[in-house]
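These notes concern the structure reproduced below.
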Amino acid sequence: MEVGDMFGLAGQVAVVTGGASGIGAASAEILAAAGAAVVVGDIDGEGAERTAGKITAEGRRAVALRTDTSKRSDVDALVALAVSEFGRLDIMANIAGVGHAQPVVDITEEDFDRLMAINLKGVLFGCQAALQVMIPRKSGSIVNVASTVIDSPYPNQGLYGMTKAGVTFLSQVLAAEAGPHGIRVNVLAPGATPTNFASFRYEDGRIDPEREAAIQQSMSQITPLGFLGDAADQAKMVLFLCSPAARWVSGNIFRVNGGQSRPW
Ligand SMILES: NC(=O)c1ccc[n+]([C@@H]2O[C@H](COP(=O)([O-])OP(=O)(O)OC[C@H]3O[C@@H](n4cnc5c(N)ncnc54)[C@H](O)[C@@H]3O)[C@@H](O)[C@H]2O)c1
């Protein structure tokens with residue numbers, strides 16, 4: 001096989017959640033660049049349209065749908081769109097997620113329900129909807145996004161970490177269940193990656209560029225490579241995990257974090 005074919009996705013169809021921004025947008029773009037038709041889902045419908053528009057402007061195939069991944073009917077509709085628009089589903093990238101920082105003692109039931117709904121239930125719904133169409137075809141690749149937090153039980157990350165630990169366990173169990181159907185399931189665990197994700201650190205959700213630059217500088221210092229990667233670095237791992245090159249890769253966690261081994 002030519003190297004280009006090993007990483008090529010010609011004729012394949014991908015659904016990407018969280019595709020309006022950051023890692024999801026970069027993943028939608030790289031999967032399209034590798035030849036896949038992409039269905040971009042995000043609760044930010046305009047942002048999803050923007051990503052799809054960027055892809056189609058480059059002569060590639062994409063459509064967008066406003067999707068709240070915490071609602072099963074929305075996620076089912078997203079996968080149904082892949083089938084109605086492009087005829088099949090080969091790749092499901094469950095990337096939508098939100099951050100959260102709070103001491104465990106202060107977590108309210110509302111916080112718990114909101115984070116679990118978006119970060120864990122949304123991924124479960126995405127996996128289930130994808131499996132419905134992948135199992136009969138006996139092939140497919142699912143990538144779920146966790147976080148470096150799964151290795152770093154540091155203060156204020158209790159709730160966020162619980163959701164991402166849940167995503168990891170779900171994915172590993174699913175890899176065991178779906179493998180016999182020819183479906184691979186893997187976890188991308190990103191390290192600190194500059195995106196809109198950082199908005200959770202700010203009371204009004206608006207990233208303060210100066211404060212954020214200082215935070216990124218201090219985060220890069222605990223990264224052995226000495227710098228922070230970007231959304232495209234995460235997307236390249238998504239591409240690998242979905243590509244023919246990864247045909248024997250399943251049930252594993254892939255940490256893209258510059259070698260970070262201690263908490264920030
Ligand atoms: N950026 C980081 O430092 C980092 C580190 C570890 C893990 N992650 C994970 O990576 C994933 C992508 O984050 P990002 O950095 O690209 O952040 P981002 O904020 O740039 O993108 C997240 C996207 O998810 C969407 N979203 C939020 N709630 C949704 C919902 N209910 N339904 C559909 N879409 C929804 C947002 O609108 C946004 O477009 C998340 O799961 C996040 O937890 C990010």
Side-chain angles (χ1 to χ4, degrees), residues 15-30 39-52 64-79 93-101 113-126 129 143-152 154 157 159-168 170-171 187-202 205-207 212 215-216 218-220 222-223 228-235 237-238 253-258 260 263-264:
V15 165
V16 178
T17 74
S21 173
I23 296 168
S27 298
E29 286 169 35
I30 202 166
V39 178
V40 184
D42 201 291
I43 199 163
D44 171 4
E46 277 178 28
E49 292 284 356
R50 216 171 24 248
T51 301
L65 184 68
R66 184 189 180 278
T67 310
D68 178 350
T69 54
S70 68
K71 295 196 175 122
R72 188 191 284 279
S73 56
D74 276 22
V75 180
D76 287 348
L78 188 68
V79 168
N94 292 302
I95 300 179
V98 290
H100 188 77
D113 289 346
R114 185 178 75 86
L115 258 283
M116 285 290 170
I118 300 171
N119 286 4
L120 183 54
K121 204 162 73 168
V123 172
L124 172 68
F125 290 161
V143 178
N144 295 329
V145 175
S147 164
T148 289
V149 75
I150 59 173
D151 303 313
S152 326
Y154 46 83
Q157 291 300 300
L159 179 51
Y160 180 68
M162 279 190 272
T163 68
K164 295 303 190 181
V167 165
T168 305
L170 162 70
S171 307
V187 177
L188 168 68
T193 308
T195 66
N196 287 331
F197 179 77
S199 61
F200 80 89
R201 282 196 269 274
Y202 302 88
R206 294 162 73 129
I207 296 172
E212 202 47 37
I215 290 173
Q216 286 176 17
S218 102
M219 282 175 166
S220 65
I222 56 144
T223 305
L228 296 188
D230 58 23
D233 290 306
Q234 305 297 339
M237 179 59 83
V238 174
I253 305 165
F254 294 83
R255 295 162 172 85
V256 179
N257 62 11
Q260 185 188 329
W264 175 63

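Worth knowing before you read on, the calculation uses all heavy atoms, side chains too, and leaves out hydrogens, waters and symmetry mates. First listed ligand is number 1; within each ligand, the first listed atom is number 1. In what follows, residues are counted from 1 in the order of the sequence shown. What you see is a predicted model; the values in this text were computed from it and never measured.
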Let me confirm one number: the [atom1]-[atom2] distance from [X] to [Y], rounded to the nearest 0.5 Å.
X	Y	atom1	atom2	answer
D68	L78	CG	CG	11.5 Å
I253	T168	CD1	OG1	5.0 Å
I118	T17	CD1	OG1	11.5 Å
S21	I43	OG	CD1	13.0 Å
L115	F200	CG	CZ	10.0 Å
L124	S70	CG	OG	12.0 Å

Return the residue, atom name and 0.1 Å-rounded distance of the protein heavy atom closest to [atom].
atom	answer
atom 3 (O) of ligand 1	T193 N, 2.9 Å
atom 22 (C) of ligand 1	G97 O, 3.8 Å
atom 37 (O) of ligand 1	D42 OD1, 2.6 Å
atom 34 (N) of ligand 1	I43 N, 3.2 Å
atom 13 (O) of ligand 1	F197 CD1, 4.2 Å
atom 9 (C) of ligand 1	V145 CG1, 3.6 Å
atom 5 (C) of ligand 1	G191 O, 3.6 Å
atom 33 (C) of ligand 1	T67 O, 3.0 Å

Give a yes/no verdict on whether any heavy atom in [X] is under 4.0 Å from an atom of ligand 1.
X	result
A48	no
V98	yes
G122	no
A117	no

Taking 4.0 angstrom as the limit and counting only heavy atoms of [X], give me the atoms of ligand 1 inside it, by number and element.
X	answer
A146	7 (C), 9 (C)
D68	30 (C), 31 (N), 32 (N)
A96	24 (O), 33 (C), 34 (N), 35 (C), 41 (O)
G18	23 (C), 24 (O)
A192	3 (O)
Y160	6 (C), 7 (C), 8 (N), 9 (C), 42 (C), 43 (O)
G22	16 (O), 20 (O)
A20	39 (O)

The one among I207, I118, V256 that brings a heavy atom closest to atom 28 (N) of ligand 1: I118
Per atom 15 (O) of ligand 1, closest listed option by heavy atom (N196, D44, N257, T195): T195
Under a 4.5 Å cut-off applied to non-hydrogen side-chain atoms, are [X] and [Y] in contact?
X	Y	result
I207	S199	yes
T69	V75	yes
R50	D44	yes
E212	R201	yes
V145	N94	no
R72	K121	no
V238	I30	no
I95	Q234	no

Classify the contact between [X] and ligand 1 as side chain, backbone, both or neither, using a heavy-atom distance cut-off of under 4.0 Å.
X	answer
T69	both
A25	neither
K164	side chain

Aromatic ring pairing F197/Y160, orientation class (parallel under 30°, perpendicular over 60°, tilted between): tilted
Distance-only N or O hit between ligand 1 and I95, under 3.5 Å: yes
